[in-house]
Amino acid sequence: MVASPLTAINGERAVVFFFVFRVLSSLPLSLLPHALSLSLLSVFSLFVEIRADGSLSLFKTRPGASSGIMLGAVTLPTVMLSKLIQLSRAFSLQQIEIGELEHMTMQFWAASACCCGVLIFLSILMWCAAYNKNPHFSCSVWDAKFSLSCVILFSVASCISLATISHTGFNTALKLLWLLCHGFAAVKLIQHLLNTFPCCASIGEALLLTSGLVLYFGDMLACTISKVCRLLVSPELVSIRYGIKRSEIGIIIQGVLLGLLIFSAVFKFVIHLWEYFSRADNSESRKNKEIRRSLIFFASLGFTMIVVSPSWMMIVLDFDVHPILWIFQFVLSEPLKRLSLCIYWLGLIYASVLRFYNISKNSKIERILLRKYYHLLAVSMFLPALIYQPKFLDLAFGAALAVFLVLEIIRVWRIWPLGQLVHQFMSAFTDHRDSDILIVSHFSLLLGCALPIWMSSGFNDRPLIPFAGILSLGIGDTMASMVGHKYGVLRWSKTGKKTIEGTAAGIVSVLAACLVLLPLLASTRYIPTQHWFPLLIAVTTSGLLEAYTAQLDNAFIPLVFYSLLCL
């Protein structure tokens with residue numbers, strides 16, 4: 001069923017439209033094809049979301065959440081476009097080389113291709129449902145013409161843009177093929193995620209995760225192809241990013257994540273193979289099978305992290321020394337500061353987790369409110385490190401993400417002897433957005449703080465960009481929840497829980513934090529060039545998105561805030 005024009009634009013969609021409009025209004029004329037493609041993607045995603053909201057029976061999505069298709073479809077392309085605007089300023093000042101600008105252009109189109117591919121896939125699903133006389137879906141000739149027009153215009157805009165960074169038509173065709181591969185991979189991945197982990201995410205949340213994973217691992221694949229097959233594959237297609245020097249910390253994080261991906265696939269295959277050949281042996285006890293499975297798990301994990309992953313970094317990315325040795329050298333290069341920071345972090349984590357775990361087991365405090373204390377913990381942990389030890393914080397975020405991933409794998413697969421213990425411990429901090437199948441809240445908080453810091457490496461002419469996650473989640477979201485819970489009276493909607501008082505508190509608290517932070521940054525290493533009116537727009541937009549969205553705000557709000565701060 002298609003919504004009427006009056007009900008089509010709700011609060012979340014209005015905020016998303018304003019977010020996209022704010023970015024588009026800052027574009028230089030050289031990025032006009034990018035503006036056209038993002039506009040088409042926004043309209044197309046709104047069209048698909050309106051049609052899909054009539055029935056969420058396409059997949060088993062997270063209960064209580066809207067589809068979020070529009071927000072999920074435009075967020076990552078808009079982030080890439082905002083970064084491209086920032087790099088265009090840097091290139092005009094001759095502070096970066098053309099290769100970095102071309103790489104970001106490819107990243108924008110790859111992210112857009114992922115989202116566009118998924119939107120086409122969802123449209124086809126709804127057309128098939130309408131063809132099969134599903135009463136929840138309707139399809140008309142106008143729907144088909146409109147969708148096809150968006151796809152054709154999007155393709156034309158991408159061809160024009162890619163032709164400007166290609167020397168021949170053949171190279172343009174290769175780049176378009178690379179984008180098609182991204183779109184196809186995104187479709188396959190989102191199907192796998194929504195079917196393997198039902199009721200764990202909305203379509204928009206799954207779309208954001210899918211496009212991010214395809215974009216990130218596609219970059220790894222490009223580097224690998226460029227190194228191994230330089231004579232067989234066009235270097236211009238796959239080596240744009242490879243030709244740009246990467247930081248050692250960025251290489252290590254990429255290598256570790258690639259290792260965990262390879263490990264998960266290999267371990268699952270080995271276990272299936274082992275169970276197939278051991279079916280005939282019924283004499284072995286279940287305990288012994290669990291122990292043997294656990295030994296295979298930890299041995300495979302150790303081999304992957306010590307041998308396979310470092311080998312990829314050293315061969316493909318020309319890492320000079322073994323990454324583990326480099327980490328020790330890096331930490332011990334400033335032992336007093338970095339080891340003291342580790343002790344400070346461990347003390348905070350131990351005291352906070354022990355305290356909040358006992359409270360969560362015995363107290364009647366709302367779980368969502370209790371978890372906001374972890375947002376404050378993130379501020380106290382990350383803010384001092386970001387100001388005084390930003391590179392070490394980059395590495396620490398990568399290590400924390402790897403630990404979280406390993407613990408979640410152990411919990412999901414119930415690896416003896418830690419699987420059940422980890423599950424019981426993590427269950428104490430879950431809320432309605434988590435499920436027994438997959439717990440994502442701690443990942444979203446960590447990545448929400450880490451991604452703006454990682455993406456702001458290199459050229460950065462906006463001092464508050466690295467702090468986008470810490471400010472929006474650690475301060476803004478926390479104050480909005482606490483003030484709204486205790487003092488909130490006026491609600492944004494009749495069915496929602498978010499209050500105007502909470503949103504106002506979140507916006508004011510972030511602005512106050514920026515007022516304190518900018519002079520502090522000026523006294524350390526930054527030159528504050530952040531203008532207050534654009535900052536006010538960025539803070540207000542992210543605050544309104546937190547008020548209206550039913551999606552996982554830890555995932556979307558930092559990226560939206562980051563994009564607006566780049567302008």
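Hydrogens, waters and symmetry mates are skipped; everything else that's a heavy atom, side chains included, is used. What you see is a predicted model, and the numbers here were worked out from it, not measured in a lab. Residues take their numbers from the sequence shown, with the count starting at 1.
At least one donor-acceptor pair closer than 3.5 Å links the side chain of His375 to the backbone N or O of Leu473. Checked by atom type and distance alone, the side chain of Ser542 never pairs as donor or acceptor with a backbone atom of Val560 at under 3.5 Å. A distance-only check finds a donor-acceptor pair linking the side chain of Trp345 to the backbone of Met381 [under 3.5 Å]. A donor-acceptor pair is defined here as one N or O able to donate and one able to accept, closer than 3.5 Å; such a pair exists between the side chain of Glu205 and the backbone of Leu552. Side-chain N or O atoms of Ser456 include one that pairs as donor or acceptor with a backbone N or O of Ile453 at under 3.5 Å. In this structure, Thr210 contributes its side chain and Leu189 its backbone to no donor-acceptor pair below 3.5 Å. In this structure a side-chain-to-backbone donor-acceptor pair under 3.5 Å is present from Ser92 to Arg89.
Surrounding CZ of Phe298 are more than 12 heavy atoms belonging to other residues, nucleotides or ligands, all under 6.0 Å away. No more than 12 heavy-atom neighbours from other residues, nucleotides or ligands sit within 6.0 angstrom of CZ on Phe184. More than 12 heavy atoms of other residues, nucleotides or ligands sit less than 6.0 Å from atom CD of Gln329.
Residue pairs meeting the side chain to side chain donor-acceptor pair (under 3.5 Å) criterion with at least one member in residues 252-271, sequence neighbours excluded, are Asp219-Gln254, Arg246-Gln254. Sorted by first and then second residue, the pairs that involve residues 467-477 and meet salt bridge (charged side-chain N to carboxylate O under 4.0 Å, His left out), not counting sequence neighbours, are Lys372-Asp477.
Counting only heavy atoms from C-beta outward, the side chains of Gln86 and Ile465 approach each other to under 4.5 Å. Side chains of Ile253 and Trp454 form a contact here, defined as non-hydrogen atoms less than 4.5 Å apart. You'll find the side chain of Phe443 reaches within 4.5 Å of the side chain of Leu401, heavy atoms only. The side-chain heavy atoms of Leu76 and Met80, taken from C-beta on, include a pair separated by under 4.5 Å. Phe121 is listed as a side-chain neighbour of Gln191, based on a closest heavy-atom distance under 4.5 Å. Looking only at side-chain heavy atoms (C-beta outward), Leu27 and Leu81 come within less than 4.5 Å of each other. Using a 4.5 Å heavy-atom cutoff, the side chains of Leu545 and Phe19 are not in contact. By the 4.5 Å heavy-atom criterion applied to side chains, Ser457 and Ser247 are not counted as neighbours.
Between Val118 and Ile190, the shortest heavy-atom contact is CG1-CD1, 3.8 Å. Closest approach of Pro534 to Arg22, counting heavy atoms only: CB-NH2, 3.8 Å. Residues Thr304 and Ser300 approach most closely at OG1-O, 2.8 Å, considering heavy atoms. Here the shortest heavy-atom pairing between Leu38 and Val74 reads CD1-O, 4.5 Å. Contact detail for Val187 and Gly117: the closest heavy-atom pair is CG2-O, 3.4 Å. Closest non-hydrogen pair, Ala385 versus Leu341, comes out as CB-CD2, 3.7 Å.
The CZ atom of Phe459 sits 8.5 Å away from the NZ atom of Lys83 when rounded to the nearest 0.5 Å. Expressed to the nearest 0.5 Å, how far SG of Cys514 lies from CG of Leu471 amounts to 5.0 Å. Between the CG atom in Leu405 and the CG atom in Leu260 there is a gap of 5.5 Å [rounded to 0.5 Å]. With rounding to the nearest 0.5 Å, the separation of CG in Leu564 from OG in Ser82 is 6.5 Å. Between the CG atom in Leu535 and the CG atom in Leu565 there is a gap of 6.5 Å [rounded to 0.5 Å]. Atoms OG and CG, on Ser380 and Leu348 in that order, are 5.0 Å from each other to the nearest 0.5 Å.
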I'd like a table of donor-acceptor pairs (distance under 3.5 Å, sequence neighbours excluded) in which one partner is a side-chain atom from residues 106-113, with atom names and distances.
unit_1	atom_1	unit_2	atom_2	d
Trp109	NE1	Ser161	OG	2.8
Ser112	OG	Phe108	O	2.9

CA sep, side-chain torsions, deciding dist, call: Leu451, Phe397, side chain to side chain contact (heavy atoms under 4.5 Å, CB included): CA-CA 9 Å; Leu451 284 176; Phe397 272 135; over 6 Å; no
Candidate pair Leu101 and Leu84, rule side chain to side chain contact (heavy atoms under 4.5 Å, CB included), full reasoning: CA-CA 7 Å; Leu101 195 65; Leu84 190 58; 3.8 Å; yes
Passes side chain to side chain contact (heavy atoms under 4.5 Å, CB included), Tyr388 versus Leu393? Steps please. CA-CA 9 Å; Tyr388 299 107; Leu393 182 61; over 6 Å; no
Where do Val23 and Ile85 land on the side chain to side chain contact (heavy atoms under 4.5 Å, CB included) test, with the steps shown first? CA-CA 9 Å; Val23 174; Ile85 294 172; 4.1 Å; yes
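Partners of Leu515 according to the side chain to side chain contact (heavy atoms under 4.5 Å, CB included) rule, which considers only residues two or more places apart in sequence or in another chain, are Trp532. Every residue was checked against the ring-ring contact (aromatic ring centres under 6.0 Å, His included) condition with Tyr216, not counting sequence neighbours, and none meets it. In terms of the ring-ring contact (aromatic ring centres under 6.0 Å, His included) criterion, residue partners of Phe267 (sequence neighbours excluded) are, by chain and number, Phe263, Phe297, Trp413.
Using a 4.0 Å cut-off between charged side-chain N and carboxylate O, Arg293 and Glu290 make no salt bridge.
Side-chain N/O atoms of Arg338 and Ser333 include a donor and acceptor closer than 3.5 Å.
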